[in-house]
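First up is the structure itself, then whatever we jot down about it.
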Amino acid sequence: MRLSPLLLALASTAVAAQTSQDENVHEYIVVGSGPGGGPLAARLAQAGHSVLLIDAGEDQFNNTNSRIVYNNTLAINDPLTRWDFFVNRDEEEFEREYEFTTWRRPDGEFYVGLDPPEGSERLGVYYPRAATLGGCAMHNAATILLPADVDWNDISEITGDDSWTAANMRKHFVSLERCNYLENGSDPSHGFTGWLDTSQGDASWSLNNSDLTSLAQLTSNLLGGNETAFTLFELLSRDQNANDPERDQEVGVITPHTHSRHGVRSSPLDLIRSTLGDPRNFPLVVQQHTLVTKVLFSDRSSKKNTPRSIGVEYLQGKSLYSADPRYDPDTNGTLGRAYATKEVILAGGVFNTPQILKLSGIGLRSELEYFGIPVVKDLPGVGTRMKDNYDAVLYGTFANPVEGWYDIWYKTAAALRTRDIHFYCGRMNFMGFFPGMPGWNPNEFECGFMQLHPRNINGTVRLRSKDPREVPDIHLGFFKNGNDEDLESILEAINFVRPIFHSLGNNTFTEHRPCAAGVECTDDWQRHYLRAQVYSHHATGTCALGADDDPLAVLQMLDLRLSSRRFGARPLFDVQKQPRRSPVLLP
Ligand SMILES: Cc1cc2nc3c(=O)[nH]c(=O)nc-3n(C[C@H](O)[C@H](O)[C@H](O)COP(=O)(O)OP(=O)(O)OC[C@H]3O[C@@H](n4cnc5c(N)ncnc54)[C@H](O)[C@@H]3O)c2cc1C
Ligand SMILES: *[C@@H]1O[C@H](CO)[C@@H](O)[C@H](O)[C@H]1NC(C)=O
Ligand SMILES: *[C@@H]1O[C@H](CO)[C@@H](O)[C@H](O)[C@H]1NC(C)=O
Ligand SMILES: *[C@@H]1O[C@H](CO)[C@@H](O)[C@H](O)[C@H]1NC(C)=O
Ligand SMILES: *[C@@H]1O[C@H](CO)[C@@H](O)[C@H](O)[C@H]1NC(C)=O
Ligand SMILES: *[C@@H]1O[C@H](CO)[C@@H](O)[C@H](O)[C@H]1NC(C)=O
Ligand SMILES: *[C@@H]1O[C@H](CO)[C@@H](O)[C@H](O)[C@H]1NC(C)=O
Ligand SMILES: *[C@@H]1O[C@H](CO)[C@@H](O)[C@H](O)[C@H]1NC(C)=O
Ligand SMILES: *[C@@H]1O[C@H](CO)[C@@H](O)[C@H](O)[C@H]1NC(C)=O
């Protein structure tokens with residue numbers, strides 16, 4: 001699972017005079033029920049704290065699009081769960097060549113392509129998110145892969161806090177995992193009794209089609225698999241989340257792991273629901289259909305004049321955010337407020353958390369002043385330094401369909417410290433994100449991949465207006481240093497898989513992307529093509545945790561230490577006197 005540093009714990013206090021008449025008081029308010037907010041809210045409630053978990057979306061537990069992992073393309077397109085964002089990736093020169101550019105036609109429908117009907121409005125590059133209980137974990141591919149150890153250890157070094165080390169994070173993984181693919185209890189570095197089911201795809205699926213077996217075997221051989229004592233099946237079946245110091249350098253063929261069981265998605269939604277349904281009556285209130293519009297701060301300044309968050313303001317009602325395909329500008333929702341005696345925790349995802357912060361007066365001063373938002377804290381890092389994994393694809397058709405699936409770990413010459421490419425190869429048509437993006441088709445085959453350690457993405461999330469219902473202006477900031485090692489690594493990955501596709505003597509492969517018929521497939525031509533056509537879907541980092549002296553850090557360990565001391569020592573609001581709350585799922 002990808003753990004993004006999007007949790008923003010704002011030290012809060014309660015001002016009794018302001019809240020005493022208000023019923024809507026909780027110890028913690030968590031905004032957003034995705035992987036960031038959902039489990040945290042559930043765990044806090046299980047520990048006995050009263051928690052209000054707010055989400056703009058609703059419980060779609062019975063929706064087979066999100067429930068069945070295999071249906072995730074349907075889930076991405078589902079108007080009951082999706083939020084449509086349109087982003088810019090790169091410089092204008094490359095942006096205008098993106099072949100899945102999305103437009104709004106004069107009749108209101110989407111057009112995808114480069115030749116829109118007269119009068120269409122250019123929306124940009126489609127970037128799906130899910131607004132539903134469980135967040136994007138309800139429409140994603142459910143792949144569960146631990147990050148490279150160095151990623152955790154870097155955070156530990158930056159913050160000087162060793163609770164972030166990979167070794168310590170492994171303990172959290174063990175406590176949340178319910179591993180279904182190893183013998184129960186057989187490996188202490190895995191969990192077997194947690195809330196998140198993990199499974200491994202059946203490697204025999206990759207071996208049931210002789211052509212696919214040939215492709216996987218050649219791939220494996222090229223990456224040195226034939227120099228090991230393992231069979232192809234054994235290589236495909238390797239545990240990708242093993243606690244192995246060599247893991248992050250290992251290359252070769254694999255079968256992906258998912259957070260699922262028997263094809264049914266396992267997610268934060270399950271934990272939220274089981275916490276609500278638990279006979280121990282945990283004090284969790286889940287409020288659906290609620291768009292948080294800003295954080296409220298105490299107007300009583302402390303000695304150091306540090307503003308404290310005391311709650312949130314929101315609009316209640318369905319589909320109130322304009323990214324929602326059912327959005328109706330004439331339905332305004334009902335204004336409401338909720339108060340927190342301990343903390344307000346923002347986990348609205350990579351685009352929405354910085355938007356909420358800025359709407360609340362926390363962000364770059366000049367941007368806030370431009371929109372007439374009173375500045376609570378001039379924090380220039382909010383909504384900057386956004387990073388993503390670049391996606392690209394080698395795609396075409398085989399004369400005869402090739403069934404099955406395998407993934408590849410690969411390390412390019414430009415890799416920084418660990419393997420940097422994760423391919424997913426199979427019979428599908430996934431070349432980017434656009435409304436109505438298709439899923440599987442016979443004869444088509446691709447190796448798509450993610451470049452996992454990009455070095456020059458510098459994205460931003462900026463307000464378009466102070467209207468909380470309007471989506472922000474999102475720039476992914478790809479290739480900020482131009483054509484550099486990021487692009488070279490993408491090109492190298494494409495050039496690595498191409499000859500494998502052409503290795504089946506009796507089943508001809510016709511390449512459509514990057515190099516369609518008639519194209520002179522030079523590296524230079526491909527560089528330009530790839531730069532114009534790369535896409536992405538793993539954005540992160542818009543409210544980054546940083547060192548105490550980093551001016552762009554949004555969350556610093558200093559804040560966390562202060563807030564834990566503050567609450568540990570002197571709760572300002574006597575929660576014992578609060579009425580005991582029972583679990584509720586509000587409509
Ligand atoms: C198409 C796609 C495929 C992916 N595939 C994978 C994968 O296979 N494996 C993997 O590990 N990761 C994958 N990811 C990434 C992963 O899903 C995200 O990193 C993760 O969901 C982020 O969690 P989050 O809690 O930060 O935010 P989100 O999951 O975005 O959740 C945010 C929640 O906050 C709510 N919210 C936002 N704003 C407000 C507001 N103002 N008021 C109230 N509620 C609000 C939203 O409704 C949403 O439910 C994928 C992502 C996408 C988009
Ligand atoms: C899901 O379906 C079951 C059975 O039809 C029903 O009892 C339950 O209320 C539904 N749950 C939700 C969240 O819609
Ligand atoms: C979802 O997946 C199930 C099981 O694979 C399948 O039977 C069903 O048709 C899919 N749902 C839709 C709406 O296609
Ligand atoms: C493993 O065994 C424990 C104890 O019996 C049980 O609670 C748990 O559900 C089992 N896990 C799996 C994945 O079967
Ligand atoms: C592979 O094929 C065998 C024999 O036809 C079949 O029993 C098995 O279920 C197949 N495996 C998968 C994962 O499809
Ligand atoms: C492994 O396969 C590669 C590619 O086919 C080949 O070049 C290499 O010699 C093989 N190595 C062994 C030990 O067979
Ligand atoms: C919704 O709000 C807008 C802007 O404040 C206002 O013009 C409009 O009349 C409101 N609509 C309803 C139905 O209240
Ligand atoms: C990255 O973005 C920041 C502002 O967000 C800007 O100051 C900086 O110059 C950018 N870096 C590059 C390499 O473009
Ligand atoms: C192609 O040849 C291989 C090896 O000779 C054979 O196993 C495979 O079935 C053939 N595929 C097709 C589609 O004829």
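Just follow the structure's listing: the first ligand is 1, and inside any ligand the first atom is 1.
In summary, Arg247 and Asp149 engage in a salt bridge, as defined by a charged side-chain N under 4.0 Å from a carboxylate O.
Here disulfide (SG to SG under 2.5 Å) pairs that include residues 393-425, with residues two or more places apart or in two chains, are Cys425-Cys447.
Polar contact with ligand 4: absent for Thr193 (N/O pair, distance under 3.5 Å). At a 3.5 angstrom cut-off on N or O pairs, Cys179 does not count as close to ligand 4.
Taking the ring-ring contact (aromatic ring centres under 6.0 Å, His included) definition, one finds that His502 meets it with Phe509, sequence neighbours left out.
Contact atoms of ligand 4 toward Asn180: 13 (C) (distance under 4.0 Å to a heavy atom of the residue). Close contacts of ligand 7 with Asp330, meaning ligand atoms under 4.0 Å from a residue heavy atom, involve 11 (N), 12 (C), 13 (C).
Counting only N and O atoms by type, the side chains of Asn400 and Asn506 include no donor and acceptor under 3.5 Å apart.
Among all heavy-atom pairs drawn from Ser322 and Val471, the shortest one is OG-N, 3.5 Å.
If you look at Thr331 next to ligand 7, there are no close heavy atoms at all, none under 4.0 Å.
No more than 12 heavy atoms of other residues, nucleotides or ligands sit less than 6.0 Å from atom NZ of Lys318.
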Return all side-chain donor-acceptor pairs below 3.5 angstrom for residues 223-230, not counting sequence neighbours, or 'none' if the list is empty.
unit_1	atom_1	unit_2	atom_2	d
Thr228	OG1	Gly225	O	2.7
Thr228	OG1	Phe230	N	3.3

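Without hydrogens or angle criteria, Asp84 side chain to Pro325 main chain gives no donor-acceptor distance under 3.5 Å.
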Tabulate distances under 3.5 Å between N/O atoms of ligand 6 and N/O atoms of the protein, writing both atom names on each line.
unit_1	atom_1	unit_2	atom_2	d
ligand 6	2 (O)	Asn226	ND2	2.4
ligand 6	11 (N)	Asn226	ND2	3.0
ligand 6	14 (O)	Asn226	ND2	3.2

